[in-house]
Amino acid sequence: PKDTRGAGAVYYYTPSSDGSGYELSQKITAFNEMPLPALGGKIVVDKDRLLVATDAKSVFVFELDVLGEWIEAASIAAPAGANNFGADAALFGEHIFLSYDGNTHSYILDC
């Protein structure tokens with residue numbers, strides 16, 4: 001669904017309790033819900049960690065809490081002059097791999 005406030009969002013669906021399909025469980029947004037065009041342009045999930053890229057030169061990291069809610073854990077700003085930051089992304093344990101301008105860089109989170 002399109003967010004009419006200009007703030008992008010990722011919509012998280014889980015199986016319905018009756019098993020007939022899926023139901024919306026959470027609308028995931030940046031902590032301050034600032035306008036982020038294309039939030040969710042790139043999404044990567046690995047177990048309880050979620051990366052969400054924007055076209056606003058940042059990548060947001062969310063973690064699944066004990067209640068099953070995605071909580072923003074960090075944001076990573078693009079280096080100066082980087083274009084298409086987070087256009088390609090991967091998670092490996094505590095490591096986050098992000099590409100931009102044809103380069104790949106590894107970020108390590110201490111979570």
Side-chain angles (χ1 to χ4, degrees):
K2 183 175 173 80
D3 190 316
T4 57
R5 293 177 298 114
V10 173
Y11 295 84
Y12 173 52
Y13 290 83
T14 55
S16 61
S17 56
D18 65 5
S20 64
Y22 289 84
E23 57 192 19
L24 180 63
S25 290
Q26 184 180 355
K27 177 182 173 184
I28 303 168
T29 60
F31 177 71
N32 60 6
E33 295 192 23
M34 66 183 178
L36 292 169
L39 178 69
K42 176 72 174 185
I43 299 171
V44 177
V45 179
D46 182 28
K47 298 178 186 174
D48 61 353
R49 186 158 298 138
L50 168 69
L51 294 182
V52 180
T54 72
D55 66 0
K57 298 194 175 198
S58 57
V59 173
F60 290 86
V61 181
F62 295 87
E63 293 181 344
L64 198 58
D65 70 9
V66 296
L67 300 175
E69 295 283 320
W70 290 100
I71 305 298
E72 184 179 333
S75 63
I76 304 169
N83 293 313
N84 299 315
F85 184 66
D88 205 7
L91 288 165
F92 182 72
E94 296 292 314
H95 298 268
I96 297 173
F97 296 90
L98 301 169
S99 69
Y100 63 88
D101 295 330
N103 296 306
T104 302
H105 296 268
S106 173
Y107 293 84
I108 301 173
L109 292 180
D110 294 322
C111 299

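All heavy atoms count here, side chains included; hydrogens, waters and symmetry mates do not. Only a predicted model underlies this, so the values are computations on that prediction, with no experimental measurement involved.
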TODO: Measure across G86 and A53 and return the closest heavy-atom pair with its distance rounded to 0.1 Å.
DONE: O-CB, 3.7 Å
- [ ] With the side chain counted from C-beta on, respond yes when L51 and K42 share a heavy-atom pair under 4.5 Å apart, and no when they do not.
- [x] no
TODO: Check side chain to side chain contact (heavy atoms under 4.5 Å, CB included) between D48 and all other residues, then give those that pass, not counting sequence neighbours.
DONE: L64
Task: Distance, nearest 0.5 Å, that separates CG of D18 from CD of E23 - done: 8.0 Å
- [ ] Go through the structure and list residues passing side-chain hydrogen bond (donor to acceptor under 3.5 Å, both in side chains) with S25, not counting sequence neighbours.
- [x] T14
Task: Interatomic spacing from CZ in F92 to CG in D46 - rounded to 0.5 Å - done: 9.0 Å
Task: same_hphob_cluster(I43, W70) at 4.5 Å side-chain heavy-atom cutoff - done: yes
Task: Heavy-atom closest contact (Q26 atom, G68 atom, distance) - done: OE1-O, 4.4 Å
Task: Distance-minimising heavy-atom pair for A90 and V44 - done: CA-CG1, 4.3 Å
Task: Expected output: side-chain S16 to main-chain G21 donor-acceptor under 3.5 Å - done: yes
- [ ] Would you please test I28 and L50 for side chain to side chain contact (heavy atoms under 4.5 Å, CB included) and show each step?
- [x] CA-CA 10 Å; I28 303 168; L50 168 69; 3.9 Å; yes
Open item on the list: Looking at every heavy atom in both L98 and F85, which two are closest together, and how far apart are they?
Closed with: CD1-CZ, 3.5 Å
TODO: State, to 0.1 Å, how close L91 and V45 come at their nearest heavy-atom pair, and which atoms those are.
DONE: CD1-C, 4.2 Å
